[in-house]
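What follows is one structure encoded as structure tokens, with my remarks underneath.
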Amino acid sequence: MQRLFCSRWIISGVSLAVGTGIGVALSGASDRFHGENNLLRKIPVIPIPSVNAASELLPYPQAQLTPSKSTAAVKYGFPSLSHIRSRESHVTCYDARNRTPAWVIEQLNAGTLSGTSDRKLCDFKEDDSVHVYHRATNSDYRGSGFDRGHLAAAANHKWSQKAMDDTFYLSNVAPQNPHLNQNAWNNLEKYCRSLTKHYENVYVCSGPLYLPRQELDGKMYVKYQVIGKNHVAVPTHFFKVVILEKKHGEVELRPYVMPNAPVDEKIPLERFLVPIESIERASGLLFVPNILKRTNNLQAISAKA
DNA sequence: TTTAATGT
């Protein structure tokens with residue numbers, strides 16, 4: 001398994017500690033607020049919800065009755081809100097900092113795969129629901145050397161032209177190595193579709209990863225390219241967590257990771273299986289938290305690989 | 001077949 005990630009890529013959670021440099025990087029920013037440019041006026045502000053909205057987000061019922069100091073703190077708005085979007089074909093959580101999805105989840109079955117929807121009628125499009133400061137555009141990708149790689153695949157949603165159209169929002173897209181996109185990753189997507197022949201429902205959650213690697217000084221760094229005027233982040237890897245629902249309610253997980261680089265499509269897909277925990281640690285996400293994952297025998301298989 | 005980008 002290690003070899004498939006390149007020898008120096010590390011996916012273990014131990015290596016994911018955040019450095020202390022961020023305080024240094026941000027110091028001095030406040031001076032700019034008072035400078036001639038009056039930057040504060042240019043800062044995008046998310047519409048201010050009611051002050052009580054903060055208490056509505058808290059899991060403590062009493063907070064709704066008595067606004068506290070912390071609710072007063074957001075008098076001028078939350079710097080961010082949930083970036084979850086519901087589309088015809090998928091649900092996505094947008095990563096505004098990286099201008100890509102954080103994750104995209106979709107449901108596949110025999111029904112979603114059949115229909116007359118035509119990919120030729122679709123065009124990649126900006127997601128207007130994302131603030132212009134955080135939005136990826138087609139021009140960011142043009143000439144970058146990267147494909148606009150779907151996370152929820154177009155061919156998974158032939159059941160409705162609208163559903164297929166929705167997969168072409170750039171909020172469902174990340175910069176992907178063209179060879180990977182058109183070969184090994186495409187094969188993984190086809191494999192997911194084929195699984196609908198054997199399972200009632202196939203849920204697929206896909207997203208980018210930014211894995212740390214050791215540089216020449218022996219220290220760990222997360223390094224990734226950004227493309228275009230909007231600095232769209234180029235993930236180092238992609239994950240795909242396949243959740244298989246059997247007839248009797250039994251659930252099986254198949255978690256895959258591929259590097260965002262050419263991958264020989266002769267390598268069997270099973271070789272890209274990883275423990276679900278490694279994706280969870282690296283991504284900050286948790287998958288199907290309400291089922292027992294430790295009993296998943298596929299983990300044992302990937303651990304042996 | 002499904003992925004895309006590129007050039008018109």
Side-chain angles (χ1 to χ4, degrees), chain A residues 4 87-90 92 99-101 103-127 136-198 202-209 225-242 254 256-269 271-272:
Chain A
L4 295 175
R87 305 293 192 198
E88 195 81 4
S89 49
H90 61 278
T92 182
R99 298 85 159 95
T100 68
W103 51 260
V104 173
I105 198 159
E106 55 190 320
Q107 180 187 20
L108 278 58
N109 52 44
T112 72
L113 299 187
S114 58
T116 56
S117 303
D118 187 352
R119 182 189 173 103
K120 291 197 179 72
L121 302 176
C122 303
D123 289 303
F124 286 104
K125 56 200 172 187
E126 296 179 19
D127 188 337
T137 66
N138 283 316
S139 65
D140 292 321
Y141 284 84
R142 194 168 299 123
S144 69
F146 290 93
D147 278 6
R148 293 168 288 188
H150 280 84
L151 290 180
N156 294 349
H157 301 284
K158 287 187 160 177
W159 59 284
S160 143
Q161 187 67 47
K162 171 74 164 66
M164 183 177 279
D165 288 350
D166 279 2
T167 69
F168 282 76
Y169 279 116
L170 291 181
S171 53
N172 178 46
V173 160
Q176 196 164 40
N177 176 280
H179 184 280
L180 176 71
N181 184 34
Q182 296 166 35
N183 296 281
W185 190 260
N186 188 19
N187 291 341
L188 180 54
E189 291 175 338
K190 287 176 183 171
Y191 176 64
C192 290
R193 288 193 283 276
S194 76
L195 287 169
T196 61
K197 291 169 191 159
H198 309 287
V202 177
Y203 299 86
V204 182
C205 184
S206 313
L209 291 173
Q225 186 183 348
V226 295
I227 58 170
K229 180 170 60 69
N230 294 302
H231 294 175
V232 181
V234 180
T236 65
H237 294 71
F238 289 93
F239 71 81
K240 198 178 274 294
V241 175
V242 184
R254 296 196 191 168
Y256 298 87
V257 172
M258 284 187 186
N260 193 8
V263 165
D264 184 349
E265 61 179 327
K266 279 176 259 168
I267 302 173
L269 289 174
R271 297 270 293 279
F272 297 95

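Chain A is the first sequence line, chain B the second, and so forth, proteins listed ahead of strands; every chain is numbered from 1. Every heavy atom of this structure was used, including side-chain atoms; hydrogens, water molecules and symmetry mates were not.
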Using whole Å, report how far CG of A:Asn187 lies from C1' of B:dT2.
-> 10 Å

Can A:Lys240 and A:Ser206 be counted as having a side-chain donor-acceptor contact under 3.5 angstrom?
-> yes

Return the value, rounded to whole Å, for the distance between atom CG of A:Asn181 and atom C1' of B:dT6.
-> 16 Å

Report the nucleotide, chosen from B:dA5, B:dT3, B:dT1, that has the shortest atom-to-atom distance to any side-chain atom of A:Lys190.
-> B:dT1

From B:dT3, B:dT2, B:dA5, nucleotide with atom closest to A:Lys158 side chain | B:dT2

Side-chain donor-acceptor pair under 3.5 Å between A:His150 and A:Glu189, yes or no?
-> no

Out of B:dT3, B:dA5, B:dT2, which has the shortest distance to the side chain of A:Asp147?
-> B:dA5

For the pair made of OH in A:Tyr141 and C1' in B:dT6, what is the distance, rounded to whole Å?
-> 18 Å

Just how far, in rounded Å, is C1' of B:dA5 from CD1 of A:Ile227?
-> 13 Å

A:Gln176 CD - B:dT2 C1' separation (whole Å) = 13 Å

Specify the separation, in whole Å, of atom CG of A:Asn138 and atom P of B:dT6.
-> 11 Å

Backbone N or O of A:Pro235 within a donor-acceptor pair of the A:Asn260 side chain at under 3.5 Å?
-> yes

Under 3.5 Å donor-acceptor, A:Arg99 side chain and A:Asn230 backbone = yes

Please work out if A:Asn186 contacts a base, only the sugar-phosphate, or nothing of the nucleic acid, heavy-atom cut-off 4.0 Å.
-> base

Give a yes/no on whether any side-chain N or O of A:Arg148 is located under 4.0 angstrom from OP1 or OP2 of B:dA5.
-> yes

Atom pair distance, as rounded to whole Å: CG in A:Leu180 and C1' in B:dT2 = 14 Å

Could you check how far CG of A:Asn260 sits from P of B:dT3, rounded to whole Å?
-> 17 Å

